[in-house]
Amino acid sequence: MSIDSTPDSRVVPALLARVGGDAALASAMASLFLEEYPRHLESVRAAVAARDSSAIADAAHALRGSVSNFTLAAPAQAAARLEQLGRAGDLAEAPAALRALEGEIAHLVPVLREVIS
């Protein structure tokens, strides 16, 4: 399955295709993400604020895995970027990478709300 790069109306059909057309499963996945992403994102924020490279890598990895379920490249790539920075111990770019991740998540949330409705 291809991955969309923009959170638009193509995401819903792509997600449905990924789950074999099971709208209830797609909705459940979206609901779970919407329930859990704030905790994951807060873990990333705390790690960046603490300048803890290992915690940045771990928290970003967890968020990347979660967001990767939704067929969008940009949010997963933003999380992967933070993960890479953490693993490399390159904390200078972490705040900007966090802002990029926050922006991508902000675009994803309404799309997932659409999946639920």
Side-chain angles (χ1 to χ4, degrees):
M1 173 180 39
S2 66
I3 295 179
D4 275 307
S5 62
T6 58
D8 60 18
S9 61
R10 294 175 290 170
V11 172
V12 175
L15 177 57
L16 285 171
R18 182 173 193 156
V19 296
D22 188 337
L25 179 56
S27 180
M29 288 172 60
S31 292
L32 183 62
F33 179 83
L34 291 172
E35 181 181 316
E36 292 187 355
Y37 91 86
R39 180 178 51 84
H40 288 300
L41 191 55
E42 186 51 41
S43 294
V44 175
R45 287 178 181 137
V48 170
R51 300 185 52 79
D52 182 337
S53 59
S54 178
I56 291 169
D58 292 345
H61 177 79
L63 187 53
R64 179 174 59 96
S66 183
V67 79
S68 293
N69 288 312
F70 299 106
T71 69
L72 288 172
Q77 289 170 347
R81 175 71 178 135
L82 258 174
E83 182 182 354
Q84 291 166 349
L85 291 172
R87 296 216 189 288
D90 182 0
L91 302 181
E93 293 183 41
L98 173 58
R99 285 189 299 277
L101 176 59
E102 290 170 329
E104 293 300 335
I105 296 291
H107 288 126
L108 176 60
V109 166
V111 174
L112 294 183
R113 287 191 178 127
E114 177 184 337
V115 170
I116 294 168
S117 61

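Hydrogens, waters and symmetry mates are skipped; everything else that's a heavy atom, side chains included, is used.
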Tightest non-hydrogen contact, residues F33 and S66, listed as CD1-OG, 3.1 Å
Candidates I105, L112, V111 - the one meeting side-chain contact (heavy atoms from CB on, under 4.5 Å) with V109 | I105
Of the non-hydrogen atoms in R18 and S68, which two are nearest, and what is the gap between them?
-> NH1-O, 3.0 Å
Closest heavy-atom pair, N69 versus L15, reported as atoms and distance to 0.1 Å, is O-CD1, 3.6 Å
Please report, to 0.1 Å, the donor-acceptor pairs under 3.5 Å made by any side chain of residues 52-59, with sequence neighbours excluded.
{"residue": "D52", "atom": "OD1", "partner": "S54", "partner atom": "N", "Å": "3.2"}
{"residue": "D52", "atom": "OD1", "partner": "A55", "partner atom": "N", "Å": "3.0"}

Main-chain N/O of A23 paired to S27 side chain as donor or acceptor, under 3.5 Å | no
Spatial distance of atom CZ (R113) from atom OG (S31) [nearest 0.5 Å] | 10.5 Å
Any chance you could measure R81, atom CZ, to R64, atom CZ, to the nearest 0.5 Å?
-> 13.5 Å
4.5 Å side-chain heavy-atom contact, L82 and L63 = no
Given the rule in the salt bridge (charged side-chain N to carboxylate O under 4.0 Å, His left out) test, do E42 and R45 qualify, once you have shown the distances and angles that lead to the verdict?
-> CA-CA 5 Å; E42 186 51 41; R45 287 178 181 137; 3.7 Å; yes
Flag, side chain of S43 to backbone of R39, donor-acceptor distance under 3.5 Å = yes
Of all heavy-atom pairs linking P75 and E104, the shortest is CA-CB, 3.7 Å
So do the side chains of R99 and E102 get within less than 4.5 Å of each other, counting heavy atoms only?
-> yes
Which heavy-atom pair separates P95 from L91 by the least distance, and what is that distance?
-> CD-O, 3.4 Å
Nearest heavy-atom approach of A79 to L101 is N-CD1, 3.7 Å
With hydrophobic residues grouped by side-chain heavy-atom distances under 4.5 Å, do L32 and V19 end up in a single group?
-> no
Is there a path of hydrophobic side-chain contacts, each under 4.5 Å between heavy atoms of I, L, V, M, F, W or Y residues, that connects V48 with L85?
-> no
Answer yes if I116 and M29 sit in the same cluster of Ile, Leu, Val, Met, Phe, Trp and Tyr residues linked by side chain heavy atoms under 4.5 Å apart, and no otherwise.
-> yes
